[in-house]
Amino acid sequence: MQKALLKDSNREKTVKMRRSIIFIAAAAVLASACNADLCGFGDIIPAPQEVTVSEGDFLHKPWTKIAYVTDEAIPAEGYVLEVTPKSVRITSSDEAGRYYARQTLAQATGIDETQLDRKTWKVQCCKITDSPRFAYRGLLMDVSRHFRSKEFVFKHLDAMAAVKLNRMHFHLTDEAGWRIQIDAFPRLTEIGAYRTAKFRMDPWEYCEPTDTSAYGGFYTKDDIREIVAYAQARHITIVPEIEMPGHSNEVLAAYPELKCTGDVESGDLCPGKEATFEFIEKVLDEVIELFPSEYIHIGGDEAVKRGWKACDDCKARMEAEGLGSMEELQGYLTRRVEEYVNSKGRHVIGWDEILEGGLGKEATVMSWRGVEGGQAAIEAGHKAIMTPGTYCYIDATQDFPNKEPAAFGNYLPINRVYSYDPAEGISDTSLLLGVQANLWSEMIISEEHAEYMYWPRSLALAEVAWTNPERKDLQDFRRRAVLRGKKMTELGYTVFDLEGEAGERAESLEPQNHLAVGARVVRAPECNYTERYSAGGDNALTDGLCGGWAYTDGKWQGYLCDVDFTIDLGEVKDISNITLLSMQNRVHGVYLPASVEFFMSANGLDYEFLGSQVPDTDPDVWGARICQFGLSSSEPSPVRYIMIRASRCEKGGFLFFDEVIVK
Ligand code: ACM
Ligand code: ZN
């Protein structure tokens, strides 16, 4: 038994080794043959599962035909692409496989897929055997927070198709705007599709499209039909999302009768009222008619449920249905809507909160608050799609935040997206449909900014979703992503410059050595750090460990009070520099101190005031900023105790510090 296992694992290693030798050989041959930026099968994103190149080229002329063969044995969406000096042959079991082989050719030649038959091009002889790891390879587009033009959606679909992404999760409704024409409820778009403020984070009200400050828009049914057809031609399924019962303020603005009774303000639909179900069913009827997708996303996230507690209709529903909690009340809504969707021959997807109140067997869970929701769903026999925030929420900044546009999320560089393995910790991968990256757009007004956030990180997602883990290689991927980014820029996309990436904060990558490392930090009990952001405890500010670009990385210590602490260096040392690092991230209620005062003492009794500093960033600035507070002197002073006082700004919120560096 032991020996057999060993033999098997050796064989697997040999196969893997052979694959990588073939691939390295391929890359070498291609590198020597290429003189343009994008020209070979070694540059494809997502990396194909198996590539073998051989001597010679094939020259395609507009009158040459690519041969297509159907072979039932090829996995869904997979293909075998064989190029000899005399022919190009594509074998697949379905149209999607044929299309993806053409996309591989398109990347290798730099010619758009739609132009391959009409243009002259040359490629190296090869055999590529390729098929996707996951059937669901998605990107979410949030058009509620900011409406996006149809043309932008088309352009986005082109970019997705080129890297074999095949699901666009269309977040059509949310509190910031309803974006789809529904004939049965015209006020959804007459009132719910427009608001008075452009920036989502500014106060706003819903308004009519004729209001002079109206900002918004919606897709007519014809627009939707066009988008669906455009996507279908590129083997992309549009998965529509209609949010419920939470994130529904715009619905309630248009149809206040769907609010709970009682005087608690909330953006949740009332699950106690039959009118709510009539509304949902009629909306879904029209949505289902427009979208051929097997899956209809019914939201389910972040219902606040506050209004339900105080609502007579909700109370009556709970009593009649024997529901013991607010979660069960949401579960009642989820199951009832699921049944309705199933009766129309479709299935539902919901955010992982739908697990909390019980859901029907056929429901698929989209795991966003971590991977646990997806794992639990699969353990309970449901299908799951993984989109955990820490790897897949590309609304986070992708580089040093001071140089990046304001972002809702903390820090999610491309390497982290690439490192994700959706199957990790999953008990039954046959229930794992796939993976998705989400671009929530609260702070992303322009379409250029949206593209900048999508690309190149979505290239990493594409490879995570398509390529088997043993074929992944971060450094090679980054090389290919730079090339693809350049190609996309040439095609008119706005793409983050991966070559110019600053990367994670250098000081956070290895322990820092300075005069206060290991020193004791003493603070009054009334100005202690929070338990959640302890960064390791009392001496975190002198542990030599600096934080990175995200205050949530476990190395930043968070306070909900003014801060006053003393560092005891243990003995008198000559010091000439004290630096305290702090972070602002207004979206999350994290602010820089309004001022920081520094004192020093040799004996712990007599303190000398050294000076105070104010931040270089206004508290009204959105997005994350790292700010350094510090003092230095050309003459070292003998010091044992350093006292630092940091006061919060008028907005209150959190203060965060990672280290006091003393030199
Ligand atoms: C979510 O990010 N609220 C699904
Ligand atoms: Zn209610």
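Below, each value reflects all heavy atoms present in this structure, side chains not excepted, and no hydrogens, waters or symmetry copies. All ligand and atom numbering here is 1-based and tracks the order in the structure.
Counting only residues at least two apart or in different chains, side chain to side chain donor-acceptor pair (under 3.5 Å) contacts with residues 253-270 are absent. The salt bridge (Lys or Arg N to Asp or Glu O under 4.0 Å) analysis of residues 176-191, with sequence neighbours excluded, yields the pairs Asp183-Lys221.
Under the 3.5 Å distance criterion, with hydrogens and angles disregarded, a donor-acceptor pair is assigned to the side chains of Asn410 and Asn585.
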Pick out the protein N or O atoms lying less than 3.5 Å from any N or O of ligand 1, and list each pair with its distance.
| from | atom 1 | to | atom 2 | distance (Å) |
| --- | --- | --- | --- | --- |
| ligand 1 | 2 (O) | Tyr393 | OH | 2.6 |
| ligand 1 | 3 (N) | Asp301 | OD2 | 2.6 |
| ligand 1 | 3 (N) | Glu302 | OE1 | 3.1 |

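Salt bridge present: Asp421 and Arg133 bring a charged side-chain N and a carboxylate O closer than 4.0 Å.
Closest approach of Ala450 and Leu439 over heavy atoms only: O-CD2, 3.5 Å.
Of the options Arg505, Lys555, Gln557, a side-chain hydrogen bond (donor to acceptor under 3.5 Å, both in side chains) to Asp658 is made by Arg505 and by none of the others.
Looking only at side-chain heavy atoms (C-beta outward), Glu274 and Arg317 come within less than 4.5 Å of each other. By the 4.5 Å heavy-atom criterion applied to side chains, Ile242 and Ile298 are not counted as neighbours. Side-chain contact between Ile378 and Leu432 is present, with heavy atoms from C-beta onward closer than 4.5 Å.
Near the Zn ion (ligand 2), less than 2.8 Å away, sit the protein N, O or S atoms Cys260 SG, Cys270 SG, Cys311 SG, Cys314 SG.
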